[in-house]
Amino acid sequence: MYEIYTPGHGLVTDSLIMHGIVRLYDVSEVERVGDRYRIVLNSSKPKKPVLSLLREELSIYFNNRDAISRSSVLGKVIDANVNIAVTHNWMSYLREAVDRANFDLTKVYTPDHKEITREGRSKSKSLYTLYLPLSFIHGKFYQSDYSVEEMEYRVCGTCFALANVGLVYGTVVFRYDSENKSTATMLTVIPADIMGREDLLLAQRFARGPAIRLKTDLTPKAAILYAFSVGEILFTTKANPLVLAWKIVNDHVSLRSVGSELFELNSILKKIARVKFEYPAFPRLIIDLAASNEGTAVLNELADVILMGSDPHPVLREITVLTGKGLLSQSVVGGLDGLVKALE
């Protein structure tokens, strides 16, 4: 058995690297240590099929970019990127990193890995730009000694490749596009303390699949409510997992990160289970609310009620108003008494 630590690029990036490691290696357990992770490996050798599939899709991308957009692997990375101008460079760097990076993590992730490779704000061409969806706080400009200069946050090929694998296999991605704005909201399940292999793989099973494309823009809390309410979520664990959510916004004036939040997953699942028990049409209600701008405003408030314990009565009144406007389907309207009972 081998014990390694993620390098310390911030909670978002280290969480993606952690999920990349869980997907690629035989992992025994993961422990969160601040914004980093202690990971116990049973083997230092990566699973070749995962890297082979990524190489295959990268090859397809450089021959037919439109075809790969429908993929649940590389297409998911592209959907998470709201800065289209960097897509080609991102894919080129990923192909290079997958081919050249050292995946013997017992040799790469030494305690001083970040210092040895000089990762961080850098202009080094031997490192890879950590694009904003793969991080949260790492922008393009760096302030030092009363001056501001252009200096991107860069990491080694191993970190870059693993973060991308974690984005694909460990993250739920919501994508929204309009004439004036594009957003990507990411959700990933992480341990509050320790999670074993089975729980980690269950979290990745929940996250698998292509990005969820909606016609409205959800808050991170509303995205969490949508993800864990729509469909059958089989997620039971003795561990104490958290949901980490972050959002990237491109309004064609600026590219920025909005909100990095943590929520207790078990508490969310219990509340949703109670609502579904009293009001079986709840998943349909979530879908209906997410279908219009008026409904999305109510969905965002409903997320505050369920995730944060806010007063439910204003939301219930607004749902009644939407019912009168014909914005909710009949199957949703029929059992609203159950929703009132569950939320009060």
Side-chain angles (χ1 to χ4, degrees), residues 172-187 189 206-207 209 211-236 242-247 249 258-344:
V172 177
V173 176
F174 285 81
R175 177 63 183 255
Y176 164 75
D177 292 291
S178 70
E179 291 184 3
N180 302 316
K181 183 173 67 173
S182 294
T183 69
T185 303
M186 277 66 65
L187 316 175
V189 176
F206 160 72
I212 300 170
R213 285 187 166 269
L214 297 176
K215 296 180 180 180
T216 55
D217 188 20
L218 305 185
T219 64
K221 288 194 284 289
I224 290 173
L225 183 60
Y226 188 107
F228 287 98
S229 299
V230 176
E232 292 299 322
I233 305 299
L234 300 176
F235 204 113
T236 57
L242 302 173
V243 181
L244 171 63
W246 68 104
K247 184 174 184 175
V249 178
V258 181
S260 173
E261 303 176 82
L262 281 170
F263 300 91
E264 291 185 1
L265 178 56
N266 287 341
S267 174
I268 293 171
L269 293 178
K270 287 178 182 177
K271 291 176 181 177
I272 292 174
R274 180 169 186 267
V275 173
K276 284 185 173 182
F277 177 78
E278 298 289 351
Y279 178 53
F282 186 64
R284 183 70 248 177
L285 172 66
I286 299 297
I287 293 171
D288 283 1
L289 291 176
S292 68
N293 289 327
E294 282 187 79
T296 297
V298 177
L299 178 57
N300 291 337
E301 294 180 28
L302 181 60
D304 283 334
V305 171
I306 293 179
L307 273 65
M308 309 300 293
S310 301
D311 181 7
H313 294 93
V315 174
L316 292 170
R317 286 194 294 270
E318 290 173 10
I319 290 174
T320 302
V321 171
L322 293 180
T323 301
K325 292 182 177 181
L327 293 176
L328 302 179
S329 57
Q330 287 301 313
S331 61
V332 166
V333 174
L336 282 175
D337 288 346
L339 178 64
V340 174
K341 180 180 179 181
L343 295 181
E344 287 185 333

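The structure displayed is predicted, hence computed values, not measured ones. Side chains are part of it too, since the values below use all heavy atoms of this structure and drop only hydrogens, waters and symmetry mates.
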- Is a donor on one side and an acceptor on the other found under 3.5 Å between the side chain of Lys221 and the backbone of Ala245? no

- Item | Pairs touching residues 333-344 that satisfy side-chain hydrogen bond (donor to acceptor under 3.5 Å, both in side chains), sequence neighbours left out | His313-Glu344

- Item | Any donor-acceptor N/O pair, Thr320 side chain to Leu316 backbone, under 3.5 Å | yes

- Task: Kindly give the heavy-atom pair with the smallest separation between Ala207 and Val172, and that separation in Å.
- Result: CA-CG2, 3.8 Å

- Item | Interatomic distance, Leu327 atom CG to Ile319 atom CD1 [nearest 0.5 angstrom] | 12.0 Å

- Roughly how far apart are Leu307 CG and Thr219 OG1, rounded to 0.5 Å? 9.0 Å

- Query: Between Ala290 and Tyr226, which heavy-atom pair has the shortest distance, and what is it?
  - Reply: CB-CE1, 3.9 Å

- Query: Do Thr216 and Asn293 have side-chain atoms, one donor and one acceptor, less than 3.5 Å apart?
  - Reply: no

- Query: Is Val332 close to Tyr279 at the side-chain level, that is, under 4.5 Å between some pair of heavy atoms?
  - Reply: yes

- Message: Rounded at 0.5 Å granularity, tell me how far CG in Leu242 sits from CD1 in Ile268.
- Response: 9.0 Å

- Query: Could you go step by step and tell me if Lys215 and Ser292 meet the side chain to side chain contact (heavy atoms under 4.5 Å, CB included) rule?
  - Reply: CA-CA 7 Å; Lys215 296 180 180 180; Ser292 68; over 6 Å; no

- Item | Intermediate values then yes/no, side chain to side chain contact (heavy atoms under 4.5 Å, CB included), Leu343 and Glu278 | CA-CA 10 Å; Leu343 295 181; Glu278 298 289 351; over 6 Å; no

- Task: Under the side-chain contact (heavy atoms from CB on, under 4.5 Å) rule, collect the residues that match up with Val249, sequence neighbours excluded.
- Result: Lys181, Thr183, Lys247, Arg256, Val258

- Does the side chain of Asp304 reach to within under 4.5 Å of the side chain of Asn300, using non-hydrogen atoms? no

- For the pair Phe228 and Phe206, name the ring-plane relationship: parallel under 30°, tilted 30 to 60°, perpendicular over 60°. parallel

- Item | CG on Leu218 to CD1 on Ile224, rounded to 0.5 Å | 11.0 Å

- Using the side chain to side chain contact (heavy atoms under 4.5 Å, CB included) rule, take Leu187 and Phe174 through it: C-alpha gap first, then chi angles, then the decisive distance, then the call. CA-CA 9 Å; Leu187 316 175; Phe174 285 81; 3.8 Å; yes

- Note on the structure: Between Ile286 and Ser229 the two heavy atoms that sit nearest each other are CG1-CB, 4.1 Å

- Least distance between heavy atoms, Gly295 atom then Leu322 atom: CA-CD1, 3.9 Å

- CD/Glu261 to CG/Leu244 distance, rounded to the nearest 0.5 angstrom? 9.5 Å

- If you take all heavy atoms of Ile306 and Lys271, which pair is closest and at what distance? O-CD, 2.9 Å

- Task: State, to 0.1 Å, how close Thr185 and Pro220 come at their nearest heavy-atom pair, and which atoms those are.
- Result: CG2-CA, 4.0 Å

- d(Leu328 CG, Gln330 CD) to nearest 0.5 Å is 9.5 Å

